[in-house]
K.L.:
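Following this message is one structure expressed as structure tokens.
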Amino acid sequence: MEKKCDVYTSEDISRFVDTELSSNQCRAFEHHLSLCSECSRLFGQYKGLSLAFSRHTHKTAMGIATLHLEHKLEQKIQCPEKKLYQNISGLFGKNLYLKLAGIAAVVMIGFFSFDPTLLGTPSGPSAIINSVDTEYTSVMIIETQKEKHTIIWFSEET
Amino acid sequence: MAGFETTAHKDTEQDLVERLKKGQKQAFNQLVSSYQERLFKLAYGITLDREDSVEVVQDVFLSVHHHIQTFRQDSTLATWLRRITLHHCLNWKRKWKRRFKWHHRSLEQENDFEPAQENFNDPELLFREKQLEGALMKEIQALPEKLRLVFVLNAIEGLSYDEIAETLNIKKGTVSSRLHLARKSLINSLELNEK
């Protein structure tokens, strides 16, 4: 059976941990802590939670901080999306008919690839069953919508 | 002395903001190196995912780069960055690409961090510390977002109740009760796990 202190609530202790009590309340509570084992236990637990969480995030952040963020941001700031758009728009030069033909081809390919009855091939994946990441490879098991195929996707980074 | 340091800090920050507004590349790099660790901690505390927090922090700095002209300096640069980070973290979950994220990284893997130097010679203590942190992170992940936000701002950023209330636009009493509830809930769950 858990004992409870009659003088202070657990919210008072939580506020004491954060030094949010007035200086008078603080002094009184400090004195009480030396007498009440329940409050002392809870104080230790509350303090420990914040410390453990802070320690864990600090260690994780230290690991992340070595990722040369400045360099990555510099690349992103140079607007790669814009360049990509410029490349695509300039793909067929200035010829209007070629551009229209290109758009029509993209629409046709999209139409056939989304309707499996036209080409007799299974449609796109509907669910990812499982995936595994290792340092060099990635494997993904996918279920397709109608044919219930299981596809194993595998890649190896060089 | 403290006042002098504060004034000096303000001057440095003022100078940094002015240089950022002029579009100086060096100023932007200075901003990134000064704040990245702090923002990573905050973003990781909320997302609890290394990759997500990297993406969020990158987006925060890009956002700062694009919108620095709108920064009126009503608050400090750190406060402004914190607000942007919180905004990005909360929106991150709603982004479409998250739904298509297929790779899986377990929390156990996340917890595979380097041992603390001070406990390096005591494997038992190190093991217990790792166990506690692993269990704690799982419970924090299960906390409702409202409670977790308050807990993170308190534990990671070390903000006072007034500052948390201002950041999240809630009452000081609400901060106190949410923080208390978060702690109580975490302790209860951890104790239940131990039994």
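Here is how names work: the chains are called A, B, and so on, in the same order as the sequence lines, proteins then strands, and each is numbered from 1.
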K.L.:
Could you tell me which non-hydrogen atom of Ser54(A) sits nearest to which non-hydrogen atom of Ile156(B), and how far apart they are?
P.N.:
CA-CD1, 4.0 Å
K.L.:
So Phe53(A) and Met137(B), do their side chains get closer than 4.5 Å, heavy atoms only?
P.N.:
yes
K.L.:
Using the six-membered ring wherever Trp is involved, compare the ring planes of Tyr46(A) and His180(B) and label them parallel, tilted or perpendicular (cut-offs 30° and 60°).
P.N.:
perpendicular
K.L.:
So which heavy atom on Asn154(B) is nearest to which on Ser50(A), and how close?
P.N.:
OD1-OG, 4.2 Å
K.L.:
Of all heavy-atom pairs between Tyr44(B) and His56(A), which one has the smallest distance, and what is that distance?
P.N.:
OH-NE2, 3.0 Å
K.L.:
Any chance you could measure Leu179(B), atom CG, to Asp18(A), atom CG, to the nearest 0.5 Å?
P.N.:
5.0 Å
K.L.:
Is chain A contacted by the side chain of Ser53(B), its backbone, both, or neither, given a heavy-atom distance below 4.5 Å?
P.N.:
side chain
K.L.:
Give, for atom CG of Leu51(A) and atom CG of Leu136(B), the distance between the pair rounded to the nearest 0.5 Å.
P.N.:
11.0 Å
K.L.:
Looking at Glu191(B), Lys184(B), Arg183(B), which one forms a side chain to side chain donor-acceptor pair (under 3.5 Å) with Gln45(A)?
P.N.:
Glu191(B)
K.L.:
Tell me, side chain or backbone of Asn29(B) under 4.5 Å from chain A's heavy atoms, or both, or neither?
P.N.:
both
K.L.:
Does Gln69(B) have more than 12 heavy atoms from other residues, nucleotides or ligands lying within 6.0 Å of its CD?
P.N.:
yes
K.L.:
Only pairs of heavy atoms separated by less than 4.5 Å count here; which of Ser176(B), Ser177(B), Ala155(B) has the most with chain A?
P.N.:
Ser176(B)
K.L.:
Hey, could you give me the CD1/OG1 distance between Ile46(B) and Thr57(A), rounded to the nearest 0.5 Å?
P.N.:
11.0 Å
K.L.:
Counting only heavy atoms closer than 4.5 Å, note whether Val152(B) contacts chain A via side chain, backbone, both or neither.
P.N.:
both
K.L.:
Do other residues, nucleotides or ligands put more than 12 heavy atoms under 6.0 Å from the CG atom of Asp6(A)?
P.N.:
no
K.L.:
Side chain, backbone, both or neither: which part of Glu20(A) has a non-hydrogen atom closer than 4.5 Å to chain B?
P.N.:
side chain
K.L.:
In terms of heavy-atom contacts, does NZ of Lys25(B) have more than 12 from other residues, nucleotides or ligands at under 6.0 Å?
P.N.:
no
